[in-house]
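From a predicted model like this one, the values you see are computed outputs, not experimental measurements. Numbering of ligands and ligand atoms starts at 1, following listing order. Starting from 1, each residue takes its place in the sequence as its number. Hydrogens, waters and symmetry mates play no part in the numbers below; they use all other heavy atoms, side chains included.
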Amino acid sequence: MSVYDIILQRRTIRKFQQKPISRDTLHKLLNAARVAPSASNMQPLKYLVVDEPALVDAVFQTTSWANYLEGKGTPSSNEKPVVYIIVLADKDIREDGYAIDIGLALENLILTAWEEGIGCCIQGSIDRDKIKALFTIPDKYVITDAVAMGYRAEQPVLEDAQGDDIKYYKDENGVLHVPKRKLENITFWNKI
Ligand SMILES: Cc1cc2nc3c(=O)[nH]c(=O)nc-3n(C[C@H](O)[C@H](O)[C@H](O)COP(=O)(O)O)c2cc1C
């Protein structure tokens, strides 16, 4: 599969098979994140990998899922993520200005994961204080995001947005549809 094919296929996944992800595979995903572009090549990002089931569940309790679906997007007990990666920014390396680094590293990670059959949900709606306490994370780290992961157990559908309606929704079969703004509505050629 080409990179472009994976980019088009990849969707945020919120239903996961209850099957472990090997450490070898996790190393591969982290390595993809490691080599991402980084402003001034400072590489302030670090990764707390959580693959012990009790701890994964503890992180899960601090997260919130698919706001537009009003509760219908939260994984049920047999669909929960099996790994969490907590993304940390090391303030000793860079105080701020690492938002683009995060995006690039996580896109590397989740596209590589997709190729392995693994789905991800980047989660910004997390209780950072609880996560900090759970792992006794030192003050020098900013908890930026969590990435929920597991082998995919759903196949969301990409579609063109109608006008400005970008809210994802589930159809009568429970399939998630994800509208993206049309290319003609986001592109300017030579003039605005
Ligand atoms: C920075 C960031 C934070 C996100 N936080 C959450 C979250 O807290 N919970 C959630 O269910 N999805 C979260 N998402 C996933 C988005 O809802 C998802 O990317 C969007 O609906 C588009 O779907 P797609 O990834 O399939 O293209 C987040 C995505 C990004 C990039």
Side-chain angles (χ1 to χ4, degrees), residues 1 3-16 29 32-33 36-38 44-45 47-48 50 56-77 79-89 96-132 134 142-171 173-183 185-186:
M1 221 184 329
V3 173
Y4 184 60
D5 287 340
I6 297 174
I7 287 170
L8 291 184
Q9 270 190 24
R10 181 215 61 84
R11 298 270 63 79
T12 289
I13 295 298
R14 299 185 181 87
K15 292 181 184 201
F16 307 95
L29 308 188
S38 171
L45 303 181
Y47 306 93
L48 170 60
V50 184
V56 174
D57 202 53
V59 175
F60 179 81
Q61 303 302 329
T62 75
T63 59
S64 109
W65 295 74
N67 277 343
Y68 293 145
L69 302 181
E70 294 168 351
K72 294 191 184 111
T74 305
S76 49
S77 55
E79 300 168 337
K80 287 184 181 177
V82 298
V83 171
Y84 262 106
I85 294 178
I86 312 290
V87 183
L88 305 170
D96 52 24
Y98 42 70
I100 295 176
D101 281 27
I102 297 167
L104 291 165
L106 292 189
E107 186 73 343
N108 272 13
L109 187 145
I110 66 182
L111 291 176
T112 306
W114 190 271
E115 194 177 28
E116 297 286 331
I118 294 165
C120 298
C121 182
I122 298 172
Q123 299 199 273
S125 298
I126 52 178
D127 187 329
R128 290 174 177 77
D129 290 340
K130 281 194 185 150
I131 293 174
K132 183 177 164 80
L134 191 59
V142 176
I143 300 170
T144 73
D145 302 271
V147 186
M149 303 175 47
Y151 287 93
R152 301 191 286 274
E154 66 167 341
Q155 279 187 298
V157 175
L158 174 68
E159 64 187 28
D160 280 348
Q162 299 307 314
D164 278 333
D165 191 359
I166 46 65
K167 289 188 178 171
Y168 48 79
Y169 63 94
K170 285 195 175 176
D171 66 21
N173 299 316
V175 175
L176 180 65
H177 292 247
V178 183
K180 297 287 182 184
R181 296 185 200 278
K182 290 182 187 170
L183 196 54
N185 292 339
I186 61 166

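Around the CG atom of D171, the shell of radius 6.0 Å holds more than 12 heavy atoms that belong to other residues, nucleotides or ligands. With a 6.0 Å radius and a threshold of 12 heavy atoms from other residues, nucleotides or ligands, Q155 has its CD atom at or below the threshold. Counting non-hydrogen atoms of other residues, nucleotides and ligands closer than 6.0 Å to NZ of K170 gives a total above 12. No more than 12 heavy atoms of other residues, nucleotides or ligands sit less than 6.0 Å from atom CD of E70. Counting non-hydrogen atoms of other residues, nucleotides and ligands closer than 6.0 Å to CG of L8 gives a total above 12.
In terms of protein heavy-atom proximity, atom 9 (N) of ligand 1 is nearest to S64 O, 3.0 Å. In terms of protein heavy atoms, atom 14 (N) of ligand 1 is closest to I122 O, 3.1 Å. If you check which protein heavy atom lies closest to atom 12 (N) of ligand 1, you get R14 NH2, 3.2 Å. The closest protein non-hydrogen atom to atom 23 (O) of ligand 1 is V178 CG1, 3.5 Å. Given atom 18 (C) of ligand 1, the protein heavy atom at minimum distance is T12 OG1, 3.5 Å. For atom 8 (O) of ligand 1, the nearest non-hydrogen atom of the protein is S125 N, 2.9 Å. When hydrogens are left out, the protein atom nearest atom 22 (C) of ligand 1 is K180 NZ, 3.6 Å; that is the closest non-hydrogen contact.
Inclusion of D145 in the set of residues having an N or O under 3.5 Å from an N or O of ligand 1 is not warranted. The shortest N or O to N or O distance between G124 and ligand 1 is below 3.5 Å. For W65, no nitrogen or oxygen atom sits less than 3.5 Å from a nitrogen or oxygen atom of ligand 1, counting backbone and side chain alike.
Close contacts of ligand 1 with R11, meaning ligand atoms under 4.0 Å from a residue heavy atom, involve 24 (P), 26 (O), 27 (O). For ligand 1, the atoms closer than 4.0 angstrom to any heavy atom of C121 are 10 (C), 11 (O), 12 (N). Against a heavy-atom cut-off of under 4.0 Å, Q123 is close to the following atoms of ligand 1: 5 (N), 6 (C), 7 (C), 8 (O), 9 (N). Those atoms of ligand 1 with a heavy atom of Y168 less than 4.0 angstrom away are 17 (O), 21 (O).
Under the 4.0 angstrom criterion, atom 20 (C) of ligand 1 counts as lacking any protein heavy-atom contact.
Atom-to-atom distance recorded for T63:OG1 and I126:CD1 is 8.5 Å, nearest 0.5 angstrom. In this structure, CD1 in I86 is found 13.0 Å from OH in Y47, a value given to the nearest 0.5 Å.
Partner of I85 under the side-chain contact (heavy atoms from CB on, under 4.5 Å) criterion, chosen from V50, L109, L48: L109. Of the candidates D96, L88, D101, T144, P44 forms a side-chain contact (heavy atoms from CB on, under 4.5 Å) with just one, namely D101.
Ring pair Y169/H177 is parallel by interplanar angle, where below 30° counts as parallel and above 60° as perpendicular.
The shortest separation from a heavy atom of P156 to ligand 1 is not under 4.0 Å, leaving the residue out of contact.
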